[in-house]
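Below, chain A is the first sequence line, B the second, and so on; all start at residue 1.
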Amino acid sequence: MPQANPLFFDDLMKAYSLFSLARNAMSYHRNWQRAWRSPDPKSSYDVVIIGGGGHGLATAYYLATQCGISNVAVIEKGWLGGGNTGRNTTIVRSNYLLDASAGIYEHAVKLWEGLSQELNYNVMFSQRGLLHLAHSVHDMQEIGRRGNAIYLNGIDSEFLTPAQVKEMLPIINMNCRYPVMGGLLQKRGGTARHDAVAWGYARGADAAGVDIIQNCEVTGVRVENNTVTGVETSRGFIGANKVGSVAAGHSSVIAEMAGFKLPLECYPLQALVSEPIKPIIDCVVMSNGIHVYVSQSDKGELVVGSGSDAYNSYSQRGSFDLIEHTVGPLCELFPLFSRLRMLRQWAGIVDVTVDRSPILSKTPVKNLYFNCGWGTGGFKATPGSGHAFAHSIAAGEMNNIAAPFSIDRFNSGALIDEGAAAAVAH
Amino acid sequence: MFIINCPYCGDRDQTEFSCHGEAHIPRPTETAQMSDDAWGNYVFFRTNPKGYHRERWLHTHGCRRWFNALRHTVTDEFVTTYKIEDPRPPLPTESQTSSDGRQS
Amino acid sequence: MANPVIATPLNEADFSIDGFSVAELDYSGKINLRADFESKHANQSLTKLLGIDCQLAPNTYKTSGDTSVFWLGPNERLVYTNGDVDAMVSQWRNKAGCAAVDVSDYSSVLKLSGPKARDVIASGTPFDIHPEVFSVGDCTQTRFGNATILLSNHSEAPEFQIQVRWSFAEYVFEYIKRVARYV
Amino acid sequence: MSQSQRLPDELPVGNSIDRGAPLTFTFDGRQYTGYQGDTLASALLANGVRLLGRSFKYHRPRGLIAAGSEEPNALVQLETGAYTEPNTRATSIELYDGLVAKSQNRWPTLGFDVGAVNSMVARFLPAGFYYKTFMWPASMWMTYEKFIRKAAGLGVSPVDDDPDVYHSTYAHCDVLVIGGGPAGIAAATAAANGSARVLLVDENNQLGGALLGTSDNAASLAYRDKALQALKQNNNVKILSRTTVTGYYDYNYLTAIEKVTDHLGPGNGGDAPRQRFWKIRAKQVVIAAGSIERPLVFADNDRPGVMLANAVATYINRYGVLPGNDVVVFTNNDSAYQVALDAASVGATVTVVDTRKNISAEFKASLQQQSIRLFEGHAISSVRGAKGIESVRIMGLSDDGESLHGQAWEIVCTCVATSGGWTPSCHMFSQSGGKLKYEESIAGFIPDTTRAKKSCPNLSAGSCNGVFTTSECVEQGADAGLKAAAAAGKPATSTDVAAFAVNETAQGAIAPLWLVPTVHPVGEGNSKHFHDFQNDVTAADIQLAAREGFVSVEHLKRYTTTGMATDQGKTSNLNALAIMANIQGVSIPEVGTTTFRPPYTPLTFGAVGGQESRELFIQERKTPMHEWHVASGAVFEDVGDWKRPWYFPQTGEDMHAAVQRETLAVRQSVGMLDASTLGKIDIQGKDAVKLLEMVYTNNWQKLAVGSCRYGLMLNEHGMIFDDGVTTRLGENHYHMTTTTGGAARVMSWLEEWLQTEWPEWEVYCTSVTEQWAVMALNGPNARALLQELTDIDVSNDSFPFMTMREGTVAGVPARIYRISFTGEQSFEINVPARYGKHLIEALAEAGKKHELVPYGTEAMHILRAEKGFIIVGQDTDGTVTPHDMDMDWIVSKTKIEYLGNRSQQRTDTSRDKRPQLIGLLTEDPTVVLPEGAHIVAEVHDQPPMPTIGHVTSSYMSPNAGRSIALALLQDGINRKGDTVSLRLMDGTVLQALVTDTVFVDQEGARVRG
Ligand SMILES: Cc1cc2nc3c(=O)[nH]c(=O)nc-3n(C[C@H](O)[C@H](O)[C@H](O)COP(=O)(O)OP(=O)(O)OC[C@H]3O[C@@H](n4cnc5c(N)ncnc54)[C@H](O)[C@@H]3O)c2cc1C
Ligand SMILES: NC(=O)c1ccc[n+]([C@@H]2O[C@H](COP(=O)([O-])OP(=O)(O)OC[C@H]3O[C@@H](n4cnc5c(N)ncnc54)[C@H](O)[C@@H]3O)[C@@H](O)[C@H]2O)c1
Ligand SMILES: Cc1cc2nc3c(=O)[nH]c(=O)nc-3n(C[C@H](O)[C@H](O)[C@H](O)COP(=O)(O)O)c2cc1C
Ligand SMILES: [Zn+2]
């Protein structure tokens, strides 16, 4: 692996390394550069990306570094990474059932595997393993089917017996309300540092010439002759040859500006962390039967989540019963956590499609592309989604990884129904 | 945690209810004549507004009646609830909206 | 053949602790009634049949003799009776626009009494049972833990009844026993 | 060990401790004594223990900063074994006899901690350093990470299950008062003057709030006692102490945690729960949560002995402990003057260093009286001492506060009491959705009541609202109490609230000084200016964040982790914002605050779960026959919440043997299955058949009374979502059955359509799932057995397949449905649930001579698979249509509208070659395909291999005499007769023949026989 990507970081002092850290320490860190500039928007760009979350920033990064389009702006209404990218439980995996899903999520995991080096930014991608628990005959059938499908798609996948589950997770209560009957392990799955992903892509995109414009809200999409010509923003009109909307929880709002509806709705999705403790759980554990998932961050908090609230909301807060129904299961599966304490709870706005698969698609408006619908589980896809979307925008056609995720599937019936078929989110 | 006013039972805790999504989407009658797009639109596409939303709720642990509600999706505040057969209440005017139009 | 033994979900279990007791009531007949109770016709026939006016204020019940009628919804009532359920059901069902279903076995009915009863109930239900808002003669369907219950207030003593479907009866009973020790 | 810092009994201090009740406790293996009423913190301080922990990142020695729940430093590992509890604030632990605590995050000992090398290389570890390194070689990250993880974290998790129990409960009130200080007591008193139901909550073990820590407070405490006495006598009032309001959610739903028995020590709570979790619904809330003092951010301000000024006063006055004999009070406002006087009055040598000039003559005089030295316009420039403060150096401060000048004075001290002003506790107001405004005069944010959320009506009163004298606090509290009661519809007529008399100096005119300069520019030299103690965040980190563009307050927080520790920045947030504002040259409100989120203080997981743990976690639903199954040795399967008999092993049998035996017996003699869990819905009304026509795919108009019909339900996507048999009981009366898992879903589906789409139809649906206990008798001997017990003629002629009869069975009323899920002669006997136990006992008894065998769900699954009957949710997955299931026969060709109809015609749904249900017979009849195994288009050595289908059901079928399977295969219906390959994960390749889905009794004779 190269020390730093010479494409952007010509100056060795700008590149991050042990060396630059040591050098900068000598000057009391006075010489570090801004991670990204804060430019004023130009009057127009080749491509405008709406939304400075991980997916939007990754899209811009790959447009600039791989597609030869660096005259790009990312327009973010708040602070970059402040959407779901900054509030998710950071689970990364590619063990999806259906071929189209496996295609895009595995594409992402392969990119994750070299991402810190590619970006010259440590995103702390930790392939500590991800374990799905099976608590019923039905769960066993589900992991049986999915485990095989994943394996045959060339993705790592292992079944664990109850004894192997216990060995991997000695603290688990095998005899919980729905006893653990087995597990499905993806060793290459794990977690990554959410903020670092946004910041790393932002820094990389910026170095490649992308303008990242924060605190600038898109308030309108200008369409002429059914073709997009730019976006109205809180800082004025910004022209664009092509526009990519990567606004996650706000996708319907952007779609409405462009005059159409999307096959998705927004819900609050909550998560919580415990106080930090010394390492106690070394893999990511997901249980659909007991309804909780948990991992431990490098800082030591248990990062815990469960299902989403079931009403439309843009409020970034959910209702407390969800927390009760997350903490209860946590203690059922890991009774020893009962004396630990919850430190903070929060919520994001997730954009959920009926089939629980994302949308990467052309739209009724020419040159306006949408990347959304990642719902409760798109963090893991960040690099793959950005990569596929960038190449598709550049080509003007969805590439073969993105193509199955078109909006048209909701009319033709060609759903990619991970929700119905596998019922596993995140 | 909302308090929801069941039009039959009065104010109740949110956990007695379940939400069933956007209201006032009548099932088309002559479905055979519909295009795939029109049908798909009925089944899957939703307004999902950032603002006032008319939606269906069920008093699950109570009288088991469905009813409609008008709620703001940013403040999460209910403007009103109404029986299925009642006409749609108008949207509140600007001055009546909550002071908290906070951005998310 | 042995005489058929009537079983209730909890075999009429009971439990007492200082300041609180709970017991499952004996089997009794129950009928779920559906009608447009606003309509005079429907209401009159029912009143004749039961001897109670079924036009109840929402979330209240009435008792007369050994028959009680509970409001469950605008067009739904629940009758407790010691009469001939089969006969009543078939008689009622034949009235146009009405439905009657024998639900005698659907649920278990628990009686809770003693000064701690309110705190026990408050441990599982988000519904406010303060006498000021839930008085004798009131009933409501609500949630107790994970169970849907029909809760009714029978005496200022206090005394409450909880009706819960058969398969949740053990859960609710154990729940009550557990919290009775904590309140 | 003597309590060297405990003040003598003669002094009028120590109002909270009982010197007559000494307690012994252990910290880091050493025994100490304290008194009843102490906190662990006050007791340690009394014993002269100043070093209590090590910081998160640099492992710097740390001591107490505060006396309340805002404490960032003094976290200990409380107790051992199953009772151990990490990260517990010493300031919130009430001392009990035998308490055992240990310091955390140090190795091998607190005094000598190897991790402290981090402090030496601190320069290389600025904010976010880990993002910049540990990247090479890429393969090493997982190794680096191990070390990083080990170094991080604080205390250790218990490894045993929690021996304690918890209780959670709901509460309702008209007025909830958060905080039991002067403002809160006044609010509660005022609100309770009418008929309002009032709940007064305070996290302390006694009410009084800040008054408890003030000197000369006997009069105010007496007044407090009187007020509380009155409140306690009021039946409408409930007072909860040791209870922290942790969260404020929509519509005035608040959560609180009560420490019920924690203060008694582990295992001493008897039957009482350890903690109680309150879920409160309040009509109105009065927030009287007080305020929190801020430290001044000066060089090496984290040395043990540097404390908040009011904490010093609290230790002296409340606990009778003098934190240090030589005290330097370092302040930028008036409130610390009283602390100086308090310390001096109990014998400390005190020096006051005020950053301001022109101190009033009055103050000067009172200091002089106690021989307290005063340095005006001065600041601490550096400190000496490592594991405890030994002296401070002070210098003159420039008027702009940016630099130091003049002579340096070295002042020996063991305690620095610092006050940077007071931060109103706006957590609750913010959590409720309210917005804050910056108030220059107090240099802090206060609630902007004009921007409160409508659905969360509340009022703030007292010092959380920015007023700092007791009389104003009481006044505001009383006013808020009255207003809240009125708003809740229970107006109080008058208040009976008199002001407390206390000895106090309010904050006065504050001269904000957010960052105390040193001789070096901040961030250079070796000293560190901490604002977030627990997460080790310094002013230099903020400078770096600003330099690198992390200027948004949210980026600042995340990049430096300021405010993210277990104290959530209670003492640090404002300092951090202000430092950032200064760097950027903007105002503090322009920087803004981060989001306040619950919980206010960390919340025990076990308490949130409350009693709904273990057996009460999720109900185990049981049928009326459950006891019989248990007595008969059943092994149970969880199906949804239900416990269903899976199989009934006889002595020596494993699962396979039992299941094979049961499966055979059903086709050879007779078996009985408890089918009570199937969903059952009674449907009545003149439009009932219209409903059936809409929800099922087939026709229902012509079904005769007394007859049964199978139906499939689709959702509007056109996909199968449930199935079952519906019987016509009367003219307008039907009995519908659903799958066990689908019962609630189907009921709700019917009701939703009826109530919202077809309200004019006269149809009533009633769930009768539990009304009926159901035994399915299956097998050639079923009829003979049943005939013995029933008065119904069960001969084939008078009771044909797919009909229903009413009569008695075993002397009890019954409905018998002649329907079958096994393809055998079958009768499903429904009796009122009260007779379920009776029925199964009668059947078992009478069944002996008919070789009756009870069977469970596993045998049932095999039996139905032998007949190719699908299980919704196993052979279907929400993506299959009736056509995919090869069930075109059940889809009406004549009906125009039914739910899901239109979706069938969509291009993808109507295309051919979709996965379709077929049978599979392995080449080797003894090999049972694993469920979930995939059929591949081509076999390769290694994946990827394109797949064309998968096995949905697979069993060893004793009746077919071989293994059988059902599978979904692309274009399967056209591929019968083909051989396909299945590739397993262990490399095995199996061949199987694609067949029809019926493996036994193709003609279907048995079921009608
Ligand atoms: C609690 C929680 C837990 C989760 N857990 C996981 C998990 O474990 N694993 C996983 O893979 N996924 C998880 N997810 C999902 C994941 O977080 C998201 O799918 C993913 O982060 C989406 O990234 P994004 O870049 O598309 O969206 P975001 O990060 O939300 O970015 C969208 C951006 O668009 C901006 N924007 C919106 N409207 C406008 C406008 N009009 N003008 C300008 N900008 C605008 C927003 O401010 C935002 O910054 C979780 C989500 C939540 C909420
Ligand atoms: N000298 C000064 O400048 C100065 C500054 C501030 C306050 N004060 C004094 O402090 C007192 C303030 O009175 P007050 O009543 O406003 O506040 P207080 O601090 O006396 O009481 C607040 C109480 O609320 C409790 N509390 C806070 N958050 C809570 C929560 N989430 N759940 C449960 N309890 C919670 C605290 O433990 C405390 O007991 C006055 O006497 C005032 O003079 C003085
Ligand atoms: C993986 C992960 C770990 C987190 N760890 C902490 C933590 O240790 N301390 C903390 O205060 N917040 C933590 N948070 C929560 C954030 O403080 C914050 O609540 C979240 O990013 C949502 O933003 P908001 O609360 O500002 O809306 C964490 C968030 C995530 C996604
Ligand atoms: Zn209701």
Crowding at CD, C:Glu156 (>12 non-hydrogen neighbours, <6.0 Å): no
From C:Phe127 atom CZ to B:Asp11 atom CG, the distance as rounded to the nearest 0.5 Å: 10.5 Å
B:Cys63 versus C:Gly73, closest heavy-atom pair with distance: CB-CA, 4.1 Å
Partner chain B: residue of C:Asp128, C:Asn75, C:Thr125, C:Leu150 with the largest heavy-atom pair count (under 4.5 Å): C:Asn75
Residues B:His61 and C:Thr142: side-chain donor-acceptor under 3.5 angstrom: no
Considering only distance and modelled atom types, tabulate donor-acceptor pairs under 3.5 Å from the side chains of residues 112-119 of chain C, sequence neighbours left out.
| from | atom 1 | to | atom 2 | distance (Å) |
| --- | --- | --- | --- | --- |
| C:Ser113 | OG | C:Ser21 | OG | 3.3 |
| C:Lys116 | NZ | C:Asp18 | O | 3.1 |
| C:Arg118 | NE | C:Ile129 | O | 3.0 |

Close approach to chain B in residues 24-35 of chain C, criterion heavy atom under 4.5 Å: none
Greatest number of heavy atom pairs closer than 4.5 Å to chain C - which of B:Arg12, B:Met1, B:Arg65, B:Arg64: B:Arg12
side-chain contact (heavy atoms from CB on, under 4.5 Å) evaluation trace for B:Cys9 with C:Trp71: CA-CA 10 Å; B:Cys9 304; C:Trp71 186 96; 3.9 Å; yes
Gap between atom CG of B:Asp13 and atom CZ of C:Arg143 - 0.5 Å precision: 6.5 Å
C:Pro74 and B:Tyr8, any side-chain heavy atoms less than 4.5 Å apart: yes
